[in-house]
There are 2 protein chains.
Amino acid sequence: MKSQSFPKPGHDHERCVNSLMVHAETVCRKAGVRLTEQRRRVLEVIGRSHKATGAYDVLEAMEIKGRRTAPITVYRALDFLMSVGLVHRISCLNAFTACHYRHEQSPVQLLICKACGAVGELEEHKVTQAIQTAAAKAGFAIDEPFVEVTGKCAHCCTA
Amino acid sequence: MKSQSFPKPGHDHERCVNSLMVHAETVCRKAGVRLTEQRRRVLEVIGRSHKATGAYDVLEAMEIKGRRTAPITVYRALDFLMSVGLVHRISCLNAFTACHYRHEQSPVQLLICKACGAVGELEEHKVTQAIQTAAAKAGFAIDEPFVEVTGKCAHCCTA
DNA sequence: ATTCGTAACGTTATATTATAACAATTTCAA
DNA sequence: TTGAAATTGTTATAATATAACGTTACGAAT
Ligand SMILES: [Zn+2]
Ligand SMILES: [Zn+2]
Ligand SMILES: [Zn+2]
Ligand SMILES: [Zn+2]
């Protein structure tokens, strides 16, 4: 029901980043897990935009003076961040996006704008329920529903 | 609305394959596109099971006397088969599955059984509509909705 | 039947994404 | 303090996908 719109172009993204990192601390503390330096760095990089970010883009962005960490380091951090819901995987792009919202692990629908690359999120119970109902009719017990929708966001539609 | 159930274990799969290939001919003829030898071979391999098949599994299965075609050949055939709706991509698995059904390009929901690996398909308008409604509320113009659901199929639930 | 443009395929090389295996280090609590 | 578990480092490799370009096959028009 709680429908999160796309971030406006030109918004103060610093605030998104700050809020994201504070939120991350909270989430991890509550869950009794550790937001280590590596995990924080990866989240920071992914959070720098609302677009999908590839694992190797993260890797590159984390590079300090030509010294880069190994891919596995990024993937490990990503796995962790996904496990606590701070990052979503966008499987149709083999990429990732930071979750700037506050849903609590309930299924999300990802909207991917092909024009500007931004990723929006919906948390529509009706969608989840429709899937649930349809699956049940087929006797299928849902583990996890992945909904990824490509298209054009509101800002790009009017532009 | 038209809900396709999972194929029963032990069903006569030869019939599925035959039907699939006949259907493929029809579809291609109607669309005025060519179901070439390579494309046919790729579809045959993927159609051999109701499971998700990786591109390199196809490649391996197409091998004749140690002579294997190049990956690009398989990917090209896959792109073609997807374009005419004879194959679906399962992006959460980086794999593909033959479409044994007769929906006409309308959005499909893929059900992936983690127990037996089988892939079922739904064509629930209610799901598509719920997504459409939710997206519209956010001002998002849908290009294509991808719905992939992992879980346990009816046969594996009772087993 | 010949010609010509396009679609399909072959060939080689390479890009991109992701994980395996095992050692070293850090953390936290008993 | 010390020992088990979690995290990270290091090296190597697996798995998935595409680029570039030349050749062949097909089908329509002359
Ligand atoms: Zn922002
Ligand atoms: Zn956009
Ligand atoms: Zn079958
Ligand atoms: Zn099953």
Side-chain angles (χ1 to χ4, degrees), chain A residues 24-25 28-29 31-46 51-84 86-97 112 117 146 148, chain B residues 24-25 27-29 31-46 51-84 86-97 117 146 148:
Chain A
E25 295 288 354
C28 290
R29 189 159 11 84
V33 293
R34 289 157 54 196
L35 185 59
T36 63
E37 192 50 33
Q38 297 284 35
R39 291 165 177 177
R40 191 190 320 274
R41 287 176 68 201
V42 168
L43 182 59
E44 271 169 3
V45 168
I46 293 188
K51 301 184 181 181
T53 309
Y56 281 75
D57 295 332
V58 175
L59 201 55
E60 206 174 321
M62 282 175 65
E63 187 171 322
I64 300 177
K65 297 178 216 141
R67 176 154 182 74
R68 62 167 49 189
T69 60
I72 188 79
T73 300
V74 170
Y75 282 103
R76 287 199 275 227
L78 287 171
D79 282 345
F80 169 83
L81 293 167
M82 286 190 292
S83 76
V84 293
L86 290 167
V87 162
H88 300 297
R89 175 192 292 269
I90 303 173
S91 56
C92 72
L93 298 179
N94 287 321
F96 306 84
T97 195
I112 302 144
F146 299 98
E148 300 177 1
Chain B
E25 296 287 355
V27 164
C28 290
R29 187 157 14 82
V33 293
R34 289 157 53 195
L35 185 59
T36 64
E37 192 50 32
Q38 296 285 35
R39 292 164 176 178
R40 192 192 318 275
R41 287 176 70 200
V42 168
L43 182 59
E44 273 170 1
V45 168
I46 294 187
K51 301 185 182 180
T53 308
Y56 280 75
D57 295 333
V58 176
L59 201 56
E60 207 174 320
M62 283 176 64
E63 188 171 321
I64 299 176
K65 296 175 214 143
R67 177 156 180 76
R68 61 167 50 188
T69 61
I72 189 77
T73 300
V74 170
Y75 282 102
R76 286 199 275 228
L78 288 171
D79 282 344
F80 169 83
L81 293 167
M82 285 190 290
S83 75
V84 293
L86 289 167
V87 161
H88 299 298
R89 174 192 290 273
I90 303 172
S91 56
C92 73
L93 298 178
N94 288 323
F96 305 84
T97 194
F146 299 99
E148 300 177 1

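Fair warning: this is a prediction, and the values are worked out from it, not measured in the lab.
- In this structure, CG of B:Leu59 is placed 11 Å from P of D:dT16, rounded to the nearest angstrom.
- A 4.5 Å side-chain heavy-atom check between B:Thr73 and B:Val42 finds every atom pair outside the cut-off.
- Within the model, atoms CZ of A:Phe96 and CD1 of A:Ile46 stand 7.0 Å from one another, a figure rounded to the nearest 0.5 Å.
- Atom CD in A:Gln38 sits roughly 19 Å away from atom P in D:dA6 (whole-Å rounding).
- Applying the 5.5 angstrom centroid cut-off and the 30 degree plane-angle cut-off, the aromatic ring of A:Tyr56 is stacked upon the base of C:dT17.
- Residue A:Arg34 places none of its side-chain N or O atoms closer than 4.0 Å to OP1 or OP2 of D:dA5.
- In this structure, B:Thr36 reaches the C:dC9 phosphate: one of its side-chain N or O atoms is under 4.0 Å from OP1 or OP2.
- Contact annotation: the side chain of B:Arg68 approaches that of B:Glu60 to within less than 4.5 Å [non-hydrogen atoms, C-beta and beyond].
- Computed from coordinates, the B:Glu60 CD to D:dT16 P distance equals 11 Å when rounded to whole Å.
- Residue-level contact check: B:Arg89 touches the backbone only, with heavy atoms under 4.0 Å from sugar-phosphate atoms and none from bases.
- Mapped onto DNA chain D by nearest heavy atom, A:Arg39 and B:Pro71 fall at different nucleotides, with A:Arg39 at the one closer to the 5' end.
- At the heavy-atom level, B:Arg67 lies under 4.0 Å from the strands shown only through sugar-phosphate atoms.
- Atom OH in A:Tyr75 sits about 18 Å away from atom P in C:dA21, given to the nearest Å.
- Nucleotide D:dA6 holds its P atom 13 Å from the CZ atom of A:Phe80, rounded to whole Å.
- The side chain of B:Thr73 contributes an N or O atom lying less than 4.0 Å from OP1 or OP2 of C:dG10.
- Side-chain atoms of B:Phe80 and B:Thr36, non-hydrogen and from C-beta on, never get closer than 4.5 Å to each other.
- Put simply, B:Asn94 has a side-chain N or O that comes within less than 4.0 Å of OP1 or OP2 on D:dA17.
- The side-chain heavy atoms of A:Arg41 and A:Ile64, taken from C-beta on, include a pair separated by under 4.5 Å.
- Nucleic acid contact for A:Arg76: base, since at least one base atom lies under 4.0 Å from a heavy atom of the residue.
- A:Ile90 has its CD1 atom 17 Å from the C1' atom of C:dT16, to the nearest Å.
- Whole-Å rounding puts the A:Leu93 CG to D:dT16 C1' distance at 15 Å.
- Rounded to an integer number of Å, the gap from B:Asp57 CG to D:dT16 P is 7 Å.
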